[in-house]
Chemist: 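Here's a structure for you.
What's counted below: heavy atoms across the whole structure, side chains too, no hydrogens, waters or symmetry copies. Every chain is numbered from 1, with letters handed out A, B, ... down the list of sequences.
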Number of protein chains: 2
Amino acid sequence: MPGTDPVCTVPSAEAPVPAGCGGTVSHALAWVARLHRIAMGRRLRDLGLYPGQELMMMRLWDCGAVRQSELIQSLGLDPSTVTKMLQRMEQCGYVRRSPDPADRRAVLVEATEAGAALRAGVEGAWADLEESTLAGLAPADRAELARLLGLVGGNLAEEAGEEGAGPVC
Amino acid sequence: MPGTDPVCTVPSAEAPVPAGCGGTVSHALAWVARLHRIAMGRRLRDLGLYPGQELMMMRLWDCGAVRQSELIQSLGLDPSTVTKMLQRMEQCGYVRRSPDPADRRAVLVEATEAGAALRAGVEGAWADLEESTLAGLAPADRAELARLLGLVGGNLAEEAGEEGAGPVC
DNA sequence: CAAGAATATGTGGTCGGCCAACTAATCGGG
DNA sequence: CCCGATTAGTTGGCCGACCACATATTCTTG
């Protein structure tokens with residue numbers, strides 16, 4: 001049938017910022033977060049890490065040898081997620097795992113030399129992404145964004161039962 | 001030169017928002033987005049959907065029968081992601097796929113009756129989550145958050161090569 | 001009109017992430 | 001002192017998401 005594309009292609013003179021797509025903050029948040037994750041993934045891939053692993057390494061750099069259960073709680077992840085991630089990271093040589101002598105159930109985790117070698121790269125990537133993310137925003141806008149994200153996070157954390165990711169170490 | 005000094009990398013003992021974790025907007029953004037995704041996942045599970053599928057259904061509700069490639073572009077996803085997601089959703093009965101008579105490579109996708117039956121629930125979930133997310137924020141704050149997210153999204157989209165998720169249908 | 005480029009989709013593999021179910025070790029009472 | 005409850009970790013399964021690669025079909029262009 002001719003006239004191929006029927007509806008849909010509304011001649012919407014789209015806004016300068018397609019922003020939320022649907023217009024809701026939820027849409028915008030999901031969209032921005034995805035772009036942010038992709039952008040971080042790009043930087044991490046050059047370092048030999050996968051998204052999510054950098055948070056693990058950060059905890060290890062800050063805390064030294066830690067019990068796996070501490071990582072689970074501080075990152076707010078599922079135990080199985082942490083187990084599998086650590087297995088892969090151990091095989092990559094970034095992490096060392098050893099049984100806790102004080103509790104034969106537990107496992108102590110610490111960064112290896114190779115893991116520590118990633119620190120500068122990861123911190124640089126975070127800083128670079130932060131700047132790229134906030135480019136063009138005045139300090140006041142940045143502070144406002146941080147404040148609003150904090151409020152929204154508080155709302156969602158309350159609903160979700162107060163999950164981890166709290167204070168640093 | 002890098003006269004840009006006022007970056008928050010200061011070892012400020014500030015705690016305006018305990019939420020942000022590391023204190024950077026990037027951390028706060030990732031954290032909030034994860035909570036948001038989990039909260040949406042909860043609501044979707046009660047409806048019989050997995051996170052991400054609701055966006056697919058929304059496009060189908062808005063556009064009727066669409067080529068798979070249109071979905072790929074409008075959602076900004078990888079083709080293989082869409083293929084597999086649609087295979088599962090078809091098996092769940094939410095979606096119907098048929099070869100495009102006009103282009104034997106393409107596949108036309110549309111929501112089934114069962115899929116359309118989810119619409120009210122999904123839209124309710126979005127509205128509910130939006131309100132829960134923004135609880136306690138004045139209209140001015142909500143608008144400001146939307147504006148800032150739009151700016152940040154623009155920055156990230158620019159870096160990422162202008163990916164999809166743009167205008168609505 | 002016959003290559004070659006571009007498009008549309010599918011496969012296989014890997015990762016992060018969650019849930020459910022399981023084992024092993026420690027802790028708490030009775 | 002022993003048995004149940006709690007905690008720590010692991011395995012298997014599933015889904016979203018990506019990449020690399022393979023296939024079929026259309027478009028382009030010489």
Side-chain angles (χ1 to χ4, degrees), chain A residues 4 30 33-42 44-45 48-57 66-73 75-92 94 97-109 160-161 163-165, chain B residues 30-31 33-42 44-46 48-57 66-92 94 97-109 160-161 163-165:
Chain A
T4 52
R34 202 169 78 83
L35 293 177
H36 187 268
R37 187 176 185 78
I38 290 173
M40 191 58 190
R42 242 175 251 257
L44 288 174
R45 196 158 62 240
L49 287 176
Y50 289 90
Q53 297 185 343
E54 86 279 14
L55 299 173
M56 181 80 73
M57 293 307 299
V66 201
R67 266 198 294 274
Q68 200 165 309
S69 59
E70 297 256 356
L71 293 171
I72 290 167
Q73 187 166 13
L75 295 176
L77 294 174
D78 190 87
S80 64
T81 299
V82 171
T83 292
K84 290 167 188 169
M85 195 188 298
L86 285 175
Q87 286 172 347
R88 292 174 191 129
M89 293 171 76
E90 184 178 29
Q91 197 159 6
C92 289
Y94 298 143
R97 299 164 67 208
S98 51
D100 184 343
D103 186 337
R104 279 164 35 195
R105 297 171 296 181
V107 171
L108 290 177
V109 186
E163 281 306 321
Chain B
W31 173 60
R34 204 170 76 85
L35 293 177
H36 187 268
R37 188 176 185 77
I38 290 172
M40 191 58 190
R42 242 176 251 259
L44 288 174
R45 195 169 332 122
D46 298 338
L49 287 176
Y50 289 91
Q53 297 185 345
E54 87 278 15
L55 298 173
M56 181 78 74
M57 292 308 298
V66 201
R67 268 199 297 264
Q68 199 166 307
S69 60
E70 296 255 358
L71 294 171
I72 290 167
Q73 186 166 12
S74 71
L75 296 176
L77 294 174
D78 191 87
S80 63
T81 300
V82 171
T83 293
K84 291 166 188 169
M85 195 190 297
L86 285 175
Q87 287 173 347
R88 293 174 191 127
M89 293 172 74
E90 184 178 30
Q91 196 158 7
C92 289
Y94 298 144
R97 298 164 68 209
S98 51
D100 184 344
D103 186 339
R104 277 163 38 196
R105 301 171 293 183
V107 171
L108 290 178
V109 186
E163 281 306 322

Chemist: Check A/D100, A/V82, A/L71 against A/V109 for a side-chain contact (heavy atoms from CB on, under 4.5 Å) and give me the one that passes.
Modeler: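 Among A/D100, A/V82, A/L71, the one that satisfies the side-chain contact (heavy atoms from CB on, under 4.5 Å) with A/V109 is A/L71.
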Chemist: Take atom CZ of B/R45 and atom C1' of D/dC15, then tell me their distance rounded to the nearest Å.
Modeler: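 Rounding to the nearest Å, CZ of B/R45 and C1' of D/dC15 are 12 Å apart.
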Chemist: When you measure from every atom of DNA chain D, which of residues 82-90 of chain B have a heavy atom less than 4.0 Å away?
Modeler: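 The answer is B/K84, B/M85, B/R88.
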Chemist: If you compare all heavy atoms of A/A33 against all heavy atoms of B/A33, which two are closest, and at what distance to 0.1 Å?
Modeler: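 Looking at all heavy atoms of both residues, the closest pair is CB-CB, 3.2 Å.
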Chemist: Treating B/Q73 as the side-chain partner and B/E70 as the backbone partner, does any N or O pair qualify as donor plus acceptor under 3.5 Å?
Modeler: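 Between the backbone of B/E70 and the side chain of B/Q73 there is no qualifying donor-acceptor contact (under 3.5 Å).
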Chemist: To the nearest 0.5 Å, how far apart are CD in B/Q87 and NZ in B/K84?
Modeler: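 B/Q87 atom CD to B/K84 atom NZ measures 8.5 Å (nearest 0.5 Å).
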Chemist: How long is the span from the OG1 atom in B/T81 to the CD1 atom in B/I72, to the nearest 0.5 Å?
Modeler: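 The OG1 atom of B/T81 sits 9.0 Å away from the CD1 atom of B/I72.
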Chemist: For atom CZ of A/R67, is the number of surrounding heavy atoms from other residues, nucleotides or ligands below 6.0 Å larger than 12?
Modeler: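 Counting neighbours around CZ of A/R67, 12 or fewer heavy atoms of other residues, nucleotides or ligands fall under 6.0 Å, so no.
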Chemist: For A/S80 and for B/R67, locate the closest nucleotide of DNA chain C by heavy-atom distance; then report the residue assigned to the nucleotide nearer the 5' terminus.
Modeler: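 This one resolves to B/R67.
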Chemist: Give me the atom names and distance for the closest heavy-atom approach of B/L108 to B/P101.
Modeler: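 Shortest heavy-atom contact: CD1-CD, 4.3 Å.
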Chemist: At under 4.0 Å between heavy atoms, what does B/L77 touch on the DNA or RNA strands: base, sugar-phosphate, or nothing?
Modeler: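 Counting heavy atoms under 4.0 Å across all strands, the contact made by B/L77 is with sugar-phosphate only.
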Chemist: Think A/Q53 has a side-chain N or O under 4.0 angstrom from the OP1 or OP2 of C/dC15?
Modeler: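 For A/Q53, the contact criterion (side-chain N or O under 4.0 Å from OP1 or OP2 of C/dC15) is not met.
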Chemist: Would you please confirm or rule out a distance under 4.0 Å between OP1 or OP2 of C/dC15 and any side-chain N or O of A/R37?
Modeler: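 No.
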Chemist: Nearest-Å distance, CG (A/L108) to P (D/dG9)?
Modeler: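 Checked: the CG to P distance equals 9 Å.
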Chemist: Would you classify B/P51 as touching base, sugar-phosphate or nothing, given that sugar-phosphate means primed atoms plus P, OP1 and OP2, and contacts are heavy atoms under 4.0 Å?
Modeler: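 Counting heavy atoms under 4.0 Å across all strands, the contact made by B/P51 is with sugar-phosphate only.
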Chemist: Looking at A/T81, I'd like to know whether one of its side-chain N or O atoms comes within less than 4.0 Å of OP1 or OP2 on C/dC18.
Modeler: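 Checking A/T81 against C/dC18: at least one side-chain N or O falls below 4.0 Å of OP1 or OP2.
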Chemist: Are any protein N/O atoms closer than 3.5 Å to N/O atoms in nucleotides 21-28 of chain C? If there are, list each pair with its distance.
Modeler:
unit_1 : atom_1 : unit_2 : atom_2 : d
C/dT26 : OP1    : A/R104 : N      : 3.1

Chemist: Side-chain contact test, heavy atoms from C-beta onward, threshold under 4.5 Å: evaluate it for A/L49 versus A/R45 and give yes or no.
Modeler: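 Sidechains of A/R45 and A/L49: no contact.
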Chemist: Under a 3.5 Å distance rule, please check whether A/E54 uses its side chain to pair with a backbone N or O of A/G52 as donor and acceptor.
Modeler: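 Yes; at least one donor-acceptor contact below 3.5 Å.
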Chemist: CG of A/L44 versus P of C/dG16: gap in Å, rounded?
Modeler: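 Rounded to whole Å, this separation is 11 Å.
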Chemist: When all nucleic acid strands are considered with a 4.0 Å heavy-atom cut-off, which category describes B/R97: base, sugar-phosphate, or nothing?
Modeler: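 Sugar-phosphate, backbone atoms only, no base.
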Chemist: Nearest whole Å is fine: how far is D/dA17 P from A/I38 CD1?
Modeler: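 In whole Å, D/dA17 P and A/I38 CD1 are 10 Å from each other.
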Chemist: Does B/P79 offer a backbone N or O that forms a donor-acceptor pair with the side chain of B/T83 under 3.5 Å?
Modeler: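 Checking the backbone N and O of B/P79 against the side chain of B/T83, a donor-acceptor pair under 3.5 Å is found.
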Chemist: Within this structure, what is the CG-to-P distance between B/D78 and C/dT14, rounded to whole angstrom?
Modeler: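 Computing the B/D78:CG to C/dT14:P distance gives 17 Å.
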Chemist: Let me know the distance between CG of B/L55 and C1' of D/dC15, rounded to the nearest Å.
Modeler: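 Atom-to-atom, B/L55 to D/dC15, this comes out as 15 Å.
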Chemist: Donor-acceptor pair, distance only, cut-off 3.5 Å: does the side chain of B/Y94 make one with the backbone of B/G48?
Modeler: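 Checked: pair present.
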Chemist: For a 4.5 angstrom cut-off between non-hydrogen side-chain atoms, does A/R34 reach B/L77?
Modeler: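 Answer yes - side chains close enough.
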Chemist: To the nearest 10 degrees, what angle separates the axes at the start and end of the helix from C/dC1-D/dG30 to C/dG30-D/dC1, five pairs each?
Modeler: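 Rounded value for the end-axis angle: 0°.
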Chemist: B/Q68 has a side chain; which of D/dA17, C/dG10, C/dC18 sits nearest to it?
Modeler: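 Selected nucleotide (nearest to the side chain): C/dG10.
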Chemist: Starting from C1' on C/dC18, measure out to CD1 on A/I72 and report it in whole angstrom.
Modeler: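 One finds 13 Å between C1' of C/dC18 and CD1 of A/I72, rounded.
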Chemist: Take atom CE of A/M40 and atom P of C/dG16, then tell me their distance rounded to the nearest Å.
Modeler: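 Rounded to whole Å, this separation is 14 Å.
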